[in-house]
Amino acid sequence: MTLLWILAVVFGVLVLVRLANVAQLASQLANEDEEAEQDRDNKFNSWMLVGFLWVGLALLVYMMIDYKKFLLPESASEHGVTIDSLMDINWLILFIVFFATQILLFSFAFKYRYNKNRRSYYYHDNNKLEAIWTIIPSLVLLALVFTGLKEWNKITDTQANTDGIKIQIYGKQFDWTARYSGKDNKLGQSSFLKINDFNPLAVDSLDVASADDRLATEMHFPVGKPVDVQINSRDVIHSFYLPHFRVQMNAVPGMNTRFYFKPTITTAKMRQITGNPNFDYVL
């Protein structure tokens, strides 16, 4: 169905081009005044621009509504709610600017099309106008960056976030392995220098804290309890991504990265929210 629509649009454009060519040839045969022909073409093109604008905006709005079903459901983590609200604010600003600029762009092309009875007015610069369109966007971007950094620093603050279940996640092609701390809630030390076939997570076996650590190929988080994830890589950079929890951090070889979050929705509850009885969280 989509292919048929694309073909219809392509052939429609080709037909319009051919009709324009036929009209031009007809005017030449009729010895029509070239200036009148140009004026008519300008009017035709300007109205086509207006049509393109509103058809394009209508399609954009339709696709935004229709494709909403492919977006992530509500956040299943505490910080994710804030991140989603920040994203909503960003999208709102972007849509306002996009719609305003596109409508102005096409409206100006329509309003100021060539007219032999009108002359353009030229001035070199307008300091007031340039100050307005520089200062206002700068202030908006500064506010967005500040609120984003504030939330990011809150998530990644290693000094404040000391509680929670300690988990190490190790990435390699093509595998994730998790190591859970035991009853002492302390992970044994690990170093990438100790990696070998018998110790793929490079755990220091002499560290007492590693004695009760447990390996897992699935991750389980209890609702309402903080989770402190230490992220490592064995080979190349990998992306540790839990989309439903709004958690994303790169696993970098030879480096410890961390992410701290608190789950708020169980798998059973999310199955009710999504209407999908087979739903499972993914890494």
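Since this is a predicted model, take the numbers as computed values, not measurements. Keep in mind that the numbers below use all heavy atoms, side chains included, and drop hydrogens, waters and symmetry copies.
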| task | Check the surroundings of atom CZ in Phe52: do more than 12 heavy atoms from other residues, nucleotides or ligands lie under 6.0 Å from it? | result | no

| field | Closest heavy-atom pair and its distance - Ile83, Glu151 | value | CG1-CG, 4.4 Å

| request: Check for a donor-acceptor pair, side chain of Arg214 on one end and backbone N or O of Tyr180 on the other, with a separation under 3.5 Å. | output: no

| His244/Phe279 under side chain to side chain contact (heavy atoms under 4.5 Å, CB included): CA gap, chis, key distance, verdict | CA-CA 11 Å; His244 300 92; Phe279 173 86; 3.4 Å; yes

| Does the gap between the ring centers of Phe110 and Tyr112 come in under 6.0 Å? | no

| task | Give the cluster check for Ile103 versus Leu94: same hydrophobic cluster or not, with ILVMFWY residues linked at side-chain heavy-atom distances below 4.5 Å. | result | yes

| query | Between CG of Leu283 and CD1 of Ile169, what distance do you get to the nearest 0.5 Å? | reply | 5.5 Å

| message | Between Lys186 and Asp213 (salt bridge meaning N to carboxylate O under 4.0 Å), is one present in this structure? | response | no

| task | Ignoring hydrogens and angles, tell me if any N or O in the side chain of Asp280 forms a donor-acceptor pair with the backbone of Thr267 under 3.5 Å. | result | no

| task | To the nearest 0.5 angstrom, please state how far the CG atom of Asn232 sits from the CZ atom of Phe240. | result | 11.0 Å

| Is there any side-chain hydrogen bond (donor to acceptor under 3.5 Å, both in side chains) pair reaching into residues 94-109, and which pairs are they, with sequence neighbours excluded? | none

| field | Check: Phe221 ring centroid to Phe261 ring centroid under 6.0 Å | value | yes

| Atom pair CG (Asn127) and CD1 (Ile132), whose distance is rounded to the nearest 0.5 Å | 11.0 Å

| note | Tightest non-hydrogen contact, residues Gln248 and Ser239, listed as NE2-OG, 2.8 Å

| Lys/Arg N to Asp/Glu carboxylate O, Asp212 vs Lys183, below 4.0 Å | no

| said: Between Asp66 and Tyr62 (side chain of the first, backbone of the second, donor and acceptor by atom type, cut-off under 3.5 Å), is there such a pair? | reply: no

| remark: Between Leu187 and Gln168 the two heavy atoms that sit nearest each other are CD1-N, 3.7 Å

| field | Rounded distance (nearest 0.5 Å) linking atom CG of Leu60 with atom CZ of Phe95 | value | 6.5 Å

| request: Report the distance from atom CZ of Arg246 to atom OG of Ser77, rounding to the nearest 0.5 Å. | output: 7.0 Å

| Are Val229 and Val247 close enough, and set up right, to give a side chain to side chain contact (heavy atoms under 4.5 Å, CB included), and what steps lead you there? | CA-CA 10 Å; Val229 185; Val247 170; over 6 Å; no

| said: Tell me if a side-chain donor or acceptor on Asn90 pairs with a main-chain N or O of Leu86 at a distance below 3.5 Å. | reply: yes

| said: For Gln189, is the CD atom crowded, meaning more than 12 foreign heavy atoms sit under 6.0 Å from it? | reply: no

| request: Measure the spacing between CE of Met270 and OG1 of Thr264 and express it to the nearest 0.5 Å. | output: 7.5 Å

| Under a 4.5 Å side-chain heavy-atom rule over Ile, Leu, Val, Met, Phe, Trp and Tyr, are Phe99 and Phe106 clustered together? | yes

| field | Cluster check Ile89, Met87: I/L/V/M/F/W/Y, side chain < 4.5 angstrom | value | no

| query | So, does Asp235 use its side chain to make a donor-acceptor pair with the main chain of Pro253 at under 3.5 Å? | reply | no

| From CA spacing to verdict: side chain to side chain contact (heavy atoms under 4.5 Å, CB included), Asp41, Tyr114 | CA-CA 10 Å; Asp41 286 344; Tyr114 173 73; over 6 Å; no

| task | Taking all non-hydrogen atoms of both residues into account, name the closest pair between Glu130 and Asp125 and its distance. | result | OE2-CB, 4.1 Å

| remark: Correct closest heavy-atom pair for Ala109 and Leu49 would be CB-CD1, 3.7 Å

| Under 3.5 Å, side chain of Thr257 to main-chain N/O of Asn250, donor-acceptor pair present? | yes

| task | Go through Lys166 and Gln230 one step at a time and tell me if the side chain to side chain contact (heavy atoms under 4.5 Å, CB included) criterion holds. | result | CA-CA 8 Å; Lys166 302 293 191 296; Gln230 175 185 315; over 6 Å; no

| Closest contact, heavy atoms only, Phe245 versus His79 | O-CE1, 3.3 Å

| Are more than 12 heavy atoms from other residues, nucleotides or ligands located less than 6.0 Å from atom CD of Glu218? | no

